Amino acid sequence: MERLWDKTSTNPVASAVLLLLALTICVTRILTGLAGKPKYLNGEGLRSVGMLPYWIPFLGHLFSFIAKFEEFLQQTSYRASHGIFSVNLAGSVHNVIYTPSLIQNIFQQRAPIVNSEAINWYIMVNVFGADRRYKKDYFLAFEGLIAAVRNNLLREPSLSIAVDATVKAMQEEIPNLVSFCQSPVDQNLWERTSSPITCANGSEAMGSSVIVEVSLFPLIRNFVGHISMPSLMGEAFMEYYPTVLDDMWALDEGFNYLAIGLPRWFPVRSVTKAHLARARLNAALAEIHTALDTLAAGGEPGPEWRDLSDVSRVMLERNAAWRSHCIRPNERGPGDLGILWAMHANANNLVFWILVRMWATPGLVERVREEIEPFVQISQPMQTFGIHEAPRMKIGLAGLLKECPLLKSCYLETLRLDSRPASVKKIERDFIVRETRQDVRAGAQPESYLLKAGTYINIPHAVHQLDPRFFEDPTVFKPGRFLVRKGQDGQKQRPRRQQEQQEMTAQVGTLKPWGGGASMCKGRMFAEREVLAFVAGILVMWDLEPVTPRGWVVPAHRKTTGVAVPSTDVRVRLRRRHRSSMI
């Protein structure tokens, strides 16, 4: 610093530039601090949205958003009296909203007042690789593409058909979560990246059964993916493209970099990997669409696509929507890649976080097992020719959904702590939002705000999810946080703890992990059923213990989009539970 000062002090031009730069920064901070204060617009109490002051002209808060998005917004929200403020992101004004009443106001608005089309198209182009030349074609097919998801993942009986196919695969594979084989050749595809180490004996706590030591996150993420991907795309897609999940994780890791438009040559390894993975994913999607087109026309799609009978109705109907608008297969990939990413970047990670948080909470696994075991039945087949078969599993999903409030509350609490959803919309017409008294800090009065056309709405749901005004001890995992009491149904014969839980139900409250309004996640009902079934099946079938002597440690988050990725490895030992402990 002293050398820099010595050089500039002897160079009048450099000194003048530095002085002008410092002056510009200071003046910008003063002027934006004065101009950004909220103002009353009329005699009825209508206010403008105050903008946070910033130091850098034009760019505004852009660097703070990119570098420390959550920390920046949370620190600002703690100081604010009201649940709304605005920021400048390189000339675009974003109204940041994080309290329930204002969020509800936003989700009640529909087009043409607000819309998500501009944001969706931006993500389609930057992240999923859509060609800008085909924007008109995409939006012509949009309604049919969304209808395929909505009709099959939100409405009965199609929802149950889709879920049942996934649960059937779970029942077959959860008993084989790990193979107990030393050679990678003999291991399941999903366990190879978890660095499994098979041991003859477990710890005293786990008994003398054969156990396997694994990295839990890659095991669970890949296991869930190997179940859910074929349920959506069919087994032939996985056989044709066995590295699809590896590419999906590479795309997810580079999601934020792609979103801000970093090119392939940018000198960050995850950026290059994400670009290459995206290209392979879109090419594979073009191939399966070509095969489905051929099949729909009555032709033979070729030996690698010999059996497409298990492709989901979601994908078949989306294929029909693409065809009805004469959109070529090589243009369709980005549209379907968004669906694949959403289904695998969230639910897979969430199963991991629920399991870790349950086992890290003393006594919780036993309580949840007591609740779910009536609906997850395990049986051991008879030995044939001295060969031991894996246990068989039957999951009663209806019972898990209706009779297991503690399981559902753990699911919601994990979503609150480990998901980072955000909703972004563009305002097309001016409109007004109003606060309620419950959403303002002590001493402040609820206000009404004018949101102006041409600006954006940014709802960082994680800010509300960690707000101590709405969630006591917001950083602490509380399994029963979302439980509320309901009327008794008179089944007095159950054990006391089960009877108490039976009188409770899990309610989502002000949590909105799926967004809201017309753009609310269309796969939320499928995802909830899928995650609850995975967690219940693994809890009943398997025992886990941490390898580290410190016991269970919940890892920190690594910055990502959607449900978080752990920043550190979690090594655990697994063994199948004894049959006597499962019945």
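Starting from 1, each residue takes its place in the sequence as its number. On a predicted model such as this, the values are computed, not experimentally measured, just so you know.
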Working to the nearest 0.5 Å, report the span between [atom1] of [X] and [atom2] of [Y].
X	Y	atom1	atom2	result
Ser160	Arg155	OG	CZ	14.5 Å
His464	Ile97	NE2	CD1	13.5 Å
Tyr98	Leu73	OH	CG	9.5 Å
Glu317	Ser324	CD	OG	11.5 Å
Ile113	Leu451	CD1	CG	11.0 Å
Ile372	Leu532	CD1	CG	10.0 Å

Item to check | Output field: ring centroids Tyr456/His94 closer than 6.0 Å | outcome: yes
Item to check | Candidate pair Phe255 and Phe128, rule side chain to side chain contact (heavy atoms under 4.5 Å, CB included), full reasoning | outcome: CA-CA 9 Å; Phe255 189 103; Phe128 301 123; 4.0 Å; yes
Checklist entry - Stepwise, does the side-chain hydrogen bond (donor to acceptor under 3.5 Å, both in side chains) test hold for Thr193 with Asn222? => result CA-CA 8 Å; Thr193 58; Asn222 284 299; 3.0 Å; yes
Next on the checklist: Pair Arg357, Asp418 - check salt bridge (charged side-chain N to carboxylate O under 4.0 Å, His left out), show working.
Outcome noted: CA-CA 10 Å; Arg357 290 193 179 277; Asp418 299 308; 2.7 Å; yes
Checklist entry - With Ile146, which residues qualify under side-chain contact (heavy atoms from CB on, under 4.5 Å), at least two apart? => result Phe142, Arg150, Lys522
Smallest separation among heavy atoms of [X] and [Y], with atom names:
X	Y	answer
Leu251	Trp341	CD2-CD1, 4.4 Å
Pro218	Ser194	CG-CA, 4.0 Å
Gln187	Ser179	CA-OG, 3.6 Å

Item to check | Candidate pair His557 and Trp353, rule ring pair (Phe, Tyr, Trp, His ring centres under 6.0 Å), full reasoning | outcome: CA-CA 11 Å; His557 293 166; Trp353 287 110; 5.0 Å; yes
Checklist entry - Is the closest basic N to carboxylate O distance between Arg328 and Asp293 below 4.0 Å? => result no
Next on the checklist: Ring-plane angle category for Trp190 and Phe223, please: parallel below 30°, perpendicular beyond 60°, tilted otherwise.
Outcome noted: perpendicular
Donor-acceptor pairs under 3.5 Å, side chain of residues 294-303 to any protein atom, not counting sequence neighbours: which ones?
from	atom 1	to	atom 2	distance (Å)
Thr294	OG1	Thr290	O	2.9

Checklist entry - Any luck finding a side-chain donor-acceptor pair between Thr561 and Asn256 under 3.5 Å? => result yes
Checklist entry - How would you list, by chain and number, every residue that makes a ring pair (Phe, Tyr, Trp, His ring centres under 6.0 Å) with Phe526, sequence neighbours excluded? => result none
Item to check | Over 12 foreign heavy atoms within 6.0 Å of CZ, Phe180 | outcome: yes
Next on the checklist: Is there a side chain to side chain contact (heavy atoms under 4.5 Å, CB included) between Leu219 and Leu177? Walk through the geometry before answering.
Outcome noted: CA-CA 8 Å; Leu219 174 69; Leu177 177 62; 4.2 Å; yes
Item to check | Evaluation steps, side-chain hydrogen bond (donor to acceptor under 3.5 Å, both in side chains), between Asn120 and Glu117 | outcome: CA-CA 5 Å; Asn120 292 341; Glu117 284 187 3; over 6 Å; no
Checklist entry - For Lys408 and Glu528, what are the C-alpha separation, side-chain angles and deciding distance, and is it a salt bridge (charged side-chain N to carboxylate O under 4.0 Å, His left out)? => result CA-CA 9 Å; Lys408 175 71 175 292; Glu528 178 182 327; 3.3 Å; yes
Next on the checklist: I'd like to know whether Arg264 forms a side chain to side chain contact (heavy atoms under 4.5 Å, CB included) with Leu276, so could you lay out the CA-CA distance, the side-chain angles of the two residues, the decisive distance to 0.1 Å, and finally the verdict.
Outcome noted: CA-CA 8 Å; Arg264 175 179 166 180; Leu276 295 173; 3.3 Å; yes
Next on the checklist: Is there a side chain to side chain contact (heavy atoms under 4.5 Å, CB included) between Ser423 and Phe107? Walk through the geometry before answering.
Outcome noted: CA-CA 10 Å; Ser423 301; Phe107 288 150; 3.8 Å; yes
